[in-house]
Novice: 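Mind having a look at this structure? Questions to follow.
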Amino acid sequence: MITLTLEKGRLLIADPTILNDTCFNRTIILVTEHTSKSSVGFILNRPSQHVLSDFVPDIDCDFQIYQGGPVEQDNLYFIHKVPQLIPNSIEVANGIYWGGNFDLLKELLIDKKLKSTDIRFFLGYSGWETNQLASELKTNSWFIAENNYENILAIRNANFWKNKLLQKGGKYKIWANAPSDVQMN
C-alpha cells in the first residue's frame, strides 16, 4: 500500500475513530497550504444553513456557505477554479485556486457570471501549527488521499466521506456504513 505525504492540493480524510471530535468527525479537508511551519485547509463536506447573501447583503447570491474549520469563523474565505476572472489567486493544485481580488469577485457575482460549481465559500478555516498535523497523522486521526476529482467544487454529495472510506477499503469499509451516532447502532 502506498502512503502519501502531506502536501497542498491533497485531501485529509478524518479517520472514523475520531468520533468525539465534533469539529472534524467525518470530514474531508482540501489542504490549501502546507509548509514546515503550518498547514491550512477547508472542510469540503460540511455545508452550513447560510448562503452568501446572508453575509454579504449587497450580493444577491444563494451560493451555499460551508464551515471551513474552527479557526477565524467570523471570516469568509473562498476557493475557485476561475483564476482568469479573479486575479491575485493562489494556486493550490488541480486547477483549484484560493482567494483573490474580492472586489472583482463581488462584481462577477452581482453580474451572475459565476456558477456555484466555479467557487465555494467557507466560514473559517482548518489550521495546524508546526508538527501539530504531523502528530495527528502519526496517531492515525487522518489519512491522506489524492485530489483526483476533475472539479472538487462540484461535489455536493452527502456521502463524500463514506465514499472515500469505501475507496480506501479494508477496515474502512466497515466504518463507512456505521451511523454517525454509533450509539444508534
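Values in this document were obtained by computation on a predicted structure and should not be read as measured data.
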Novice: Determine the minimum heavy-atom distance between S126 and F24, stating which atoms define it.
Specialist: OG-CE2, 3.4 Å
Novice: Does atom CD of Q84 have more than 12 heavy-atom neighbours, drawn from other residues, nucleotides or ligands, at distances under 6.0 Å?
Specialist: yes
Novice: Could you tell me if the ring centre of F160 sits under 6.0 Å from that of Y149?
Specialist: yes
Novice: Tell me if a side-chain donor or acceptor on K8 pairs with a main-chain N or O of E91 at a distance below 3.5 Å.
Specialist: yes
Novice: So that I know where these two stand, are Y172 and F143 an aromatic pair - ring centroids less than 6.0 Å apart?
Specialist: yes
Novice: Is there a side-chain contact between L105 and F78, using heavy atoms and a 4.5 Å cut-off?
Specialist: yes
Novice: Look only at the side chain of N163 and the backbone of N159, and say whether a donor-acceptor pair between them is shorter than 3.5 Å.
Specialist: yes
Novice: Is any side-chain heavy atom of I28 closer than 4.5 Å to one of I43?
Specialist: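 No, their side chains stay 4.5 Å or more apart.
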Novice: Under 3.5 Å, is there a donor-acceptor pair between the side chain of N101 and the main chain of L104?
Specialist: yes
Novice: Can you see whether F63 has R120 sitting over its ring - NZ or CZ less than 6.0 Å from the centre and within 45° of the normal?
Specialist: no
Novice: So do the side chains of W128 and L12 get within less than 4.5 Å of each other, counting heavy atoms only?
Specialist: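 Yes. Closest side-chain heavy atoms under 4.5 Å.
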Novice: For this output row, return yes or no: ring centroids of Y77 and W98 closer than 6.0 angstrom.
Specialist: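 Y77 vs W98: aromatic centres not under 6.0 Å.
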Novice: Are any side-chain N or O atoms of S39 and backbone N or O atoms of H34, one a donor and one an acceptor, separated by less than 3.5 Å?
Specialist: no
Novice: Is the side chain of S89 donor-acceptor paired with the backbone N or O of Y97 at a distance under 3.5 Å, no angle test?
Specialist: no
Novice: Got a donor-acceptor contact below 3.5 angstrom from the T130 side chain to the K37 backbone?
Specialist: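 Yes, T130 side chain to K37 backbone: donor-acceptor pair under 3.5 Å.
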Novice: To the nearest 0.5 Å, tell me how far D62 CG sits from Q64 CD.
Specialist: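 Rounded to the nearest 0.5 Å, the CG-CD separation comes to 9.5 Å.
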Novice: Keeping the roles fixed (side chain from H80, backbone from G99), state whether a donor-acceptor pair exists under 3.5 Å.
Specialist: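 Checked: pair present.
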Novice: Tell me, with the steps shown, if L44 and I155 meet side-chain contact (heavy atoms from CB on, under 4.5 Å).
Specialist: CA-CA 9 Å; L44 294 171; I155 296 174; over 6 Å; no
